[in-house]
2 protein chains.
Amino acid sequence: MPRNDKKMKNSQLYKGSLNTIIMKLLEENGKMYGYEITQKVKAITQGELNITEGALYPALHKLEAEGLLDVEIEKVDNRMRKYYKLTETGQKETVNRLSELEDFIRNMQSLVNPSPKLEF
Amino acid sequence: MPRNDKKMKNSQLYKGSLNTIIMKLLEENGKMYGYEITQKVKAITQGELNITEGALYPALHKLEAEGLLDVEIEKVDNRMRKYYKLTETGQKETVNRLSELEDFIRNMQSLVNPSPKLEF
DNA sequence: CAAATATACATAAGATTCTTATACATAATA
DNA sequence: TATTATGTATAAGAATCTTATGTATATTTG
C-alpha cells in the first residue's frame, strides 16, 4: 500500500501559519472536514501548498482541545467524516489571528521591499 | 544583572522567516553584525518584530556553515563585532528565498482574501 | 560613583510545529 | 485486480524558536 503522494515539501515559511489557515477557512465555509481542508488549500494555492495529514490532524485536535473548534461526526458513503466548525471563542480568536497575519505580511513586505533610497 | 528585555513573544507566523530576513538585509546592506540586525529589524517593523539572540546567533552560524555567509571579525571600541556578508552562493540563494517569500505571501493572501463571491 | 542600561556574542533546555513514515479502512478507477 | 482517491490517525525525528543563562565592555542615569 504505497503512498504515492509525491510529498513535495513546503517552504519553511509556511511554518506557523497552519492554524490561521484552518480558522480562516472555517470562518469562510462554516464547517469542513480534514481532507476537505487539504484539497481546498491545494486548489486555492494552485498546488503550491500541500498540507500533510501529519500536520493537519494534530493541529485540528489541538484547536479542538483549546476550545476553538467543535467537532461533529458524520458518515457519508460508509466513510467517516469529522466536521469541524468554529466555536464562539474560536470566532473571536479568528479575528485576532487574521489581524496578526495582516501585520505579519505588512512587516515582511517592509523588510523585503524597503522604501527606495532617495538619490540626489 | 536583570534582563529587562521585556521579551514580548513574536507571533508564530514569523517562524521560518528568519533566514530570509537575514539574507535580504545582508543583500541590502552589504555587511552587518548580529546586534545590528536585531536593531534594524526592530526599526523597520516599528518594534513589532524582535529577533532574540537565541534565534539569531544559531541561525547565523548555520548559514555560515552552509556556505551562504562569510564572517569577518572586527574590534570596535574594544568590543567584538562579527560582520557577516553573503557569499556568491548566498547571493544566488537569496534570489530563490525572496521568490519563495513572494509566492508565500501571494498564497496567504489568496487564502485570506478570497475573491469575493458574486451575488445575483 | 554606583547601578542600570546598552552594546555584543554565545549556548543549553525545552516548546512548538512540521515532515516522514506508517497504519487502518472503504470507494472508485484503470 | 491493483492502484488511486477518500478519510482519519499517530509516532519518530527534524527544524525553528523561546526562555534563561553566561560573559564582557561602554555609556548613561540616579
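Any value given below was found using the heavy atoms of this structure, including those in side chains, with hydrogens, waters and symmetry copies removed. What you are looking at is a predicted structure, and each value in this text was computed from that prediction instead of being measured.
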Interface polar pairs with nucleotides 14-17 of chain C, N/O, under 3.5 angstrom:
unit_1 : atom_1 : unit_2 : atom_2 : d
C:dT16 : O3'    : B:Q12  : NE2    : 3.1
C:dT17 : OP2    : A:K62  : NZ     : 3.0
C:dT17 : O3'    : A:G16  : N      : 3.4

Give a yes or no on whether a salt bridge exists between A:E93 and A:R97, defined as a side-chain N under 4.0 angstrom from a carboxylate O. yes
For A:Y57 and D:dT8, is the shortest distance between a side-chain N/O and OP1 or OP2 below 4.0 Å? yes
Salt-bridge criterion met for B:E48 and A:R106 (N-O under 4.0 Å): yes
Touch class at under 4.0 angstrom, heavy-atom based, for A:R81 against every strand present: sugar-phosphate
Once you apply a heavy-atom cut-off of 4.0 Å, does B:G34 come out as touching a base, just sugar-phosphate, or nothing? sugar-phosphate
Nucleotide C:dT20, atom C1' - distance to CG of A:N50 in whole Å: 15 Å
Separation of atom CD in B:Q39 from atom P in C:dT5, rounded to whole Å: 16 Å
Phosphate-side-chain proximity, B:R79 and D:dT25, N/O vs OP1/OP2 below 4.0 Å: no
Return the value, rounded to whole Å, for the distance between atom CD1 of B:I37 and atom C1' of C:dA10. 15 Å
Please name all residues satisfying side-chain contact (heavy atoms from CB on, under 4.5 Å) with A:E102, sequence neighbours left out, ordered by chain then number. none
Side-chain N or O of A:H61 versus OP1/OP2 of D:dT10: is the shortest distance under 4.0 Å? yes
Tell me, with the steps shown, if B:T45 and A:D103 meet side-chain contact (heavy atoms from CB on, under 4.5 Å). CA-CA 9 Å; B:T45 63; A:D103 292 342; over 6 Å; no
For A:T94 and A:E27, which I'm curious about, is there any donor-acceptor pair between the side chains at under 3.5 Å? no
Are B:M80 and B:Y35 co-members of a hydrophobic cluster defined by side-chain heavy atoms under 4.5 Å apart? no
To the nearest angstrom, the CE-C1' distance between A:M80 and D:dT8 comes to 5 Å
State whether the number of non-hydrogen atoms from other residues, nucleotides or ligands found under 6.0 Å of A:K31 atom NZ is greater than 12. yes
Can you check the A:I73 CD1 to D:dT8 P distance for me, whole Å? 10 Å
Of the listed nucleotides (D:dA9, C:dA6, D:dC17), which one gets closest to any side-chain atom of A:E53? D:dA9
Checking D:dT18, C:dT19, D:dA9 against the side chain of A:K82 (C-beta onward), the nearest is D:dA9
Counting just side-chain N and O atoms, does B:Y33 come under 4.0 Å of either OP1 or OP2 of C:dA8? yes
Rounded to the nearest Å, what distance is computed from the CD1 atom of residue B:I51 to the C1' atom of nucleotide C:dA8? 15 Å
I need the OH-C1' distance between A:Y35 and C:dC24, as an integer number of Å. 16 Å
In whole angstroms, how far is the P atom of D:dT25 from the CG atom of B:N78? 7 Å
